[in-house]
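Before any comments, here is the structure.
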Amino acid sequence: MTQLKFFDFKSASLSEKAALMGRAGSSPFSSIGHSVGVGFSQEFSSCRGSGVFTKASYSSSSNGTFMSKRAISSVDKEKFTAENYFYQIDGTSVSRSSMFSRNVKALDACDDEYGGVVVDPDRLPVNPDAFASMLRFSLSHWKMKGKNGIWLKLPLERSELVPVAVKEGFQYHHAERGYVMLTYWIPEGPCMLPTNATHQVGVGGFVINDKNEVLVVQEKFYAPSFADLWKIPTGFILESEEIYSGAVREVKEETGVDTEFVEVIAFRHAHNLAFDKSDLFFVCMLKPLSAQIKVDDLEIQAAKWMPLVEFVAQPLIQEDGMFKKIIDICIARLGKRYCGLLPHQVVSKFDGRPSCLYYNVIDAQDVNCKGN
């Protein structure tokens, strides 16, 4: 297999340089009979910046050898580090012009905080062949720089680049509606990049009014065994959405009823569900702020206020250990024999960002929430 190597000309001995110069003149790849020194100017910028460039322009030296103007120029010494390299294929010096275009450019990218690289998805080359050449060059460059993981986000409209990246050794990481993310681990040994999200997060809203009626729904799409079941409104939270606000939103979307978050009553953790992912399901107690029901025709078949005793008496509730336990906990909370979890805003020094920590504080003077 043909192997591309970089030879550090500046650090070579005089005998090595002479040998290389001699081989370059006889190389079948060198049509002009001269070796070429390629000057590298390497600079990482932001993902939307100019990226990493390797440019070569040529001038003839006194001995007829073509050298990079970048390497011999004194104008850019303060801004760039110039190093001369010979390209070698299987030990033979190769003319720069026979291998690359006159302007070799690596993919625009920025460093991440873990020694890796994030490729800018907005500055990808249009031509797949150009992308393949730039990707191969970029991988060689990043390997020389000692980088770790490479993150390559390919938008949906650039899907023709996916097989090119896979051919170069990239692996699927995850996909969303508008893109696919691929990764490449450079160091030897196991890949240390984090895996894709392992969980989906759902919420359920237990809404009960002053008449001791529970807000329940029947879904439009269900398994035959659940045909007669009236259940609490449920759904998945959105990206960057809090659990408590997700529960309020889901109830509003499915039933049209406005609510106020009270507490997280309990949560269930299950595994190997949709697409073999794990599932977190948070049951939230909500206080109704309105009573009129307006059903979401896309998801919900029917919705109503059902007396609590009738809701609990449903065979599917009584026969299901988890649902029955959830209802028991909700009833205990109504009887002030149980205290749920409230969100508290906290900031961690690890990331400096505010987040919600859910916990309860039992106060003997609190008539609304007395612990067991």
Side-chain angles (χ1 to χ4, degrees), residues 1-8 29 38 40 42-56 83 85-92 94 96 98-101 103-198 275-277:
M1 179 179 292
T2 300
Q3 185 178 14
L4 177 64
K5 298 180 180 179
F6 294 103
F7 188 85
D8 189 343
F29 292 94
V38 181
F40 285 79
Q42 301 165 344
E43 179 182 13
F44 270 105
S45 63
S46 66
C47 282
R48 297 187 180 274
S50 58
V52 183
F53 288 87
T54 302
K55 297 183 178 178
E83 297 181 15
Y85 291 90
F86 275 98
Y87 284 100
Q88 289 188 295
I89 294 183
D90 294 333
T92 302
V94 179
R96 166 64 176 77
S98 67
M99 291 290 293
F100 301 98
S101 64
N103 187 2
V104 181
K105 180 177 181 290
L107 294 171
D108 289 275
C110 62
D111 291 348
D112 64 22
E113 56 185 314
Y114 303 104
V117 172
V118 180
V119 177
D120 187 350
D122 297 325
R123 300 178 66 88
L124 296 170
V126 176
N127 185 281
D129 292 333
F131 172 73
S133 298
M134 292 174 69
L135 184 60
R136 285 192 292 270
F137 177 81
S138 299
L139 288 174
S140 297
H141 171 80
W142 293 326
K143 287 176 182 178
M144 288 193 301
K145 298 287 286 185
K147 297 301 179 182
N148 295 323
I150 311 301
W151 296 89
L152 178 61
K153 179 180 179 181
L154 296 179
L156 181 63
E157 61 271 17
R158 305 308 314 278
S159 59
E160 74 277 6
L161 302 183
V162 173
V164 178
V166 171
K167 185 177 180 180
E168 294 302 322
F170 278 79
Q171 296 183 337
Y172 294 132
H173 187 269
H174 70 272
E176 294 291 344
R177 185 179 296 273
Y179 71 88
V180 60
M181 181 70 77
L182 298 99
T183 58
Y184 187 104
W185 182 250
I186 293 178
E188 294 183 2
C191 177
M192 301 301 292
L193 293 175
T195 60
N196 184 29
T198 59
F275 307 106
D276 296 324
K277 298 295 184 181

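Given the structure is predicted, the values throughout are model-derived calculations rather than measurements.
- Between Pro125 and Leu161, the shortest heavy-atom distance links the atoms O-CD1, 4.4 Å.
- Proximity of Tyr114 to Leu193: side-chain heavy atoms (C-beta onward) are nowhere separated by under 4.5 Å.
- Taking the centre of each ring, His173 and Tyr184 stay at or above the 6.0 Å mark.
- Two residues are said to be in side-chain contact when any heavy atoms from C-beta on lie closer than 4.5 Å; Leu182 and Tyr172 meet this criterion.
- Lys277 pairs by the side chain to side chain contact (heavy atoms under 4.5 Å, CB included) definition with Asn196, Phe275, not counting sequence neighbours.
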Is there a side chain to side chain contact (heavy atoms under 4.5 Å, CB included) between Leu152 and Thr183 once you walk through the steps?
-> CA-CA 6 Å; Leu152 178 61; Thr183 58; over 6 Å; no

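- The structure places NZ of Lys147 at 8.0 Å from NE2 of His141, a figure rounded to the nearest 0.5 Å.
- Distance check, rounded to the nearest 0.5 Å: NZ of Lys105 to OG of Ser138 gives 8.5 Å.
- Nearest heavy-atom pair across Lys153 and Leu124 is O-CD1, 4.2 Å.
- Judged purely by atom type and a 3.5 angstrom limit, Arg158 has no side-chain atom pairing as donor or acceptor with the backbone of Tyr179.
- Contacts of Pro187 classified as side chain to side chain contact (heavy atoms under 4.5 Å, CB included), with partners at least two apart in sequence or in another chain: Asn148, Trp185.
- Heavy-atom minimum distance, Ala165 versus Leu135: CA-CD2, 3.9 Å.
- In this structure, Met134 CE and Phe131 CZ are separated by 9.0 Å, a value rounded to the nearest 0.5 Å.
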